[in-house]
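Numbers restart at 1 for each chain; the letters A, B, ... are given by sequence-line order, proteins then strands.
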There are 2 protein chains.
Amino acid sequence: MTIPTARRRASIADVARIAGVSVGTVSNVLNRPERVLPATRERVEVAIEQLAFVRNGSARQLRAGTITTVGAIVLDLSNPFFTDVVRGIEHRLELDSYTAMVASSDDDPAREHRYLRLFEEHGVLGVMVVPATDEISHLLTLRERGVGVVLLDRPSPVPDLSSVAVDDVLGGELAARHLLEQGHTRITFLNGPHYIRQCADRHAGVVRALEAAGLDPAEALVEVTVPELNADGGEAGIRTLLERGDRPSAVFCVNDLTALGALRTLRREGISVPDDVALVGYDDVTFAAELATPLTSVRQPTHQLGERAADLLLRPPGSPAEQVVFEPELVVRESSTRAA
Amino acid sequence: MTIPTARRRASIADVARIAGVSVGTVSNVLNRPERVLPATRERVEVAIEQLAFVRNGSARQLRAGTITTVGAIVLDLSNPFFTDVVRGIEHRLELDSYTAMVASSDDDPAREHRYLRLFEEHGVLGVMVVPATDEISHLLTLRERGVGVVLLDRPSPVPDLSSVAVDDVLGGELAARHLLEQGHTRITFLNGPHYIRQCADRHAGVVRALEAAGLDPAEALVEVTVPELNADGGEAGIRTLLERGDRPSAVFCVNDLTALGALRTLRREGISVPDDVALVGYDDVTFAAELATPLTSVRQPTHQLGERAADLLLRPPGSPAEQVVFEPELVVRESSTRAA
DNA sequence: ATGAAAGCGCTAACAT
DNA sequence: ATGTTAGCGCTTTCAT
């Protein structure tokens, strides 16, 4: 004779009472319906419907240890590169009915730590993370505590930690080689600071391409460090060059946003792309193909990156670590190819 | 004398044993440290450190009913509009140390339902959702079960459900009025199908602007329905127009991607923007300002949209529902303004 | 095929 | 200030 004043969520005990069965049977209907007589099952299902019963996930997880959730932490959810990676992750997880909790660290190690702890407290199977810094010891200890870890967009520095990354050295090489093949003998590289691994790697790739062509990087490569990896950075980079009287013939930009700013600035100065300057970007973002002058760019297999990371995470425990490295691909468009 | 073979996560009982205190004390150290003697606290903290103890969130939530998690479901995480909204949400949640589980439904009602159920099972405080269809009865029943619900980017059809949206009628009106002010007397609208609420609303806004200017929409408005709301759709729209010999002087596109395709196609046909055709887009995405011809566009307060939604969700239970409608804003750039 | 009951790890009374 | 203990809702033996 209890009068429910503050409405409480229905539990399986409530369902059991209404259906006239035991909680064990309700649990069976929920998890192994084949073990229960159709008639009983029917009664239970009616009761579930009637009470609008929704299973309590916390209790379920506490008792069963069932974990069908994984975490993903990227640097910036408003960057198309990362959202594409996340979509790849979700795509793979869906195959096994796992779900991802997604968070962005905004390059902030403190935020990264907070989310990692949250994920761990909620007993995720594992996490995929693009580390905000080079310091990844916390990920190693996390793994020692039984949480799966896969490094995203960063090769693992240790052999027993799985990672998926893209070969940025190759990406830089592809871009530079393409420009050399267009007949250029000197390449200007609008790059970010080398403490960002991607920037250092792409630089190394450019050097490799130059050397392969028998050129001396000290002469054939002009590197300009841009203040930010976006359009304003690209504009600043081009201005720096022009101010010092250096008018490039071939420009490689560390990403498409930078290339966008470079393009804009060159135009304003009456310098034509591709007639006067050949331009190559990186990432092949959606709008690269849509610009007035479609942009040649290095495409990374973002979707696959995410899929593979999720794949590695879902492997049975004890599987050996794997370091996956994808190859980027050059997409040639107008911005780098002078009409014949 | 137990030998731990399969390593189990340390529990507060383990911590208590190591520290030589009771579980209650450990719990107090965790939740109300001021109630425990500094010396004892120290011992407990050492034990926690030593065992690398991480609290079990499921048990905690089961017992305490503590809910500091909310859910958010958007249509498409790779659309900058939605990622900006999500950032607004996260930004607001952070103030109260809540965290969001984010998911994208991909316009698929089935996915939307799946995620809603997952969220409910995990006892979220509430959900913010951009519904995939007009059918929202499941959200109403969800709320009856005690889960907070806020509609995102969609005004609520019922007064007791909170929502945050942007006035799309006004957005359409702003765009059209601007073009009329530039001296145009006929507006071509590359729009999506009217069963998408945003498209219907923006159309209504355009009509309003024309009527306010004393023009007859039947004559002054040419509406072309594009097959997709992206650059290819914009290209198709412009081609349709040109093929029927209709060369517009003022074009309003339902979003920036469509405008991008329109811009590209007009250029290829030797039609100059803005000299021959004035062009206005919608959303003011990042690259709108960065195009060779910077794009005039209607900006929506995406960040605020998310912040406000989270704000409504976090209000004390029993607060009256609110329907918030934001105003969009026209950002005028080169694409619509002929040089004097 | 179904029921009874233990217990997952934690928090919050309550007792000391 | 600290300890003891009930119980959150569920799954899963073990009986029947």
* Structure fact -> The bend of the helix from dA1(C)-dT16(D) to dT16(C)-dA1(D), taken between the axes of its five terminal pairs at each end and rounded to 10°, is 40°
* **Rounded distance (Å) that lies between atom P of dG9(C) and atom NE2 of H122(A)** => 16 Å
* Asked: What's the closest nucleotide to the R63(B) side chain, out of dC8(D), dT11(D), dC8(C)?
  -> dC8(D)
* Would you say N31(B) reaches dT11(C)'s phosphate, i.e. side-chain N/O to OP1/OP2 under 4.0 Å? -> yes
* **Atom-to-atom span, CZ of R41(A) to P of dA1(C) - whole angstrom** => 11 Å
* Asked: Does a side-chain N or O from S27(B) land closer than 4.0 Å to OP1 or OP2 of dT11(C), or not?
  -> yes
* Donor-acceptor pair (no angle test) under 3.5 Å: R60(B) side chain, dG9(C) base -> no
* Can Q300(B) and D84(B) be said to form a side chain to side chain donor-acceptor pair (under 3.5 Å), step by step? -> CA-CA 10 Å; Q300(B) 312 197 66; D84(B) 285 351; over 6 Å; no
* Structure fact -> In whole angstroms, the gap separating C1' of dG3(D) from CZ of R17(B) amounts to 17 Å
* Which pair of heavy atoms, one from R87(A) and one from S104(B), lies closest together, and at what distance? -> NH1-OG, 4.0 Å
Between the protein and nucleotides 3-5 of chain C, list the N/O to N/O atom pairs that are separated by less than 3.5 angstrom.
{"from": "dG3(C)", "atom 1": "OP2", "to": "S22(A)", "atom 2": "N", "distance (Å)": "2.7"}
{"from": "dG3(C)", "atom 1": "OP2", "to": "S22(A)", "atom 2": "OG", "distance (Å)": "3.1"}
{"from": "dG3(C)", "atom 1": "OP2", "to": "T25(A)", "atom 2": "OG1", "distance (Å)": "2.6"}

* Out of dT2(C), dC10(C), dT2(D), whichever nucleotide has its closest atom nearest the side chain of F53(B) -> dC10(C)
* **Any R55(A) side-chain nitrogen or oxygen under 4.0 Å from OP1 or OP2 of dT11(D)** => yes
* Asked: Which of these nucleotides, dC10(C), dC10(D), dC8(C), is closest to any side-chain atom of I12(A)?
  -> dC10(D)
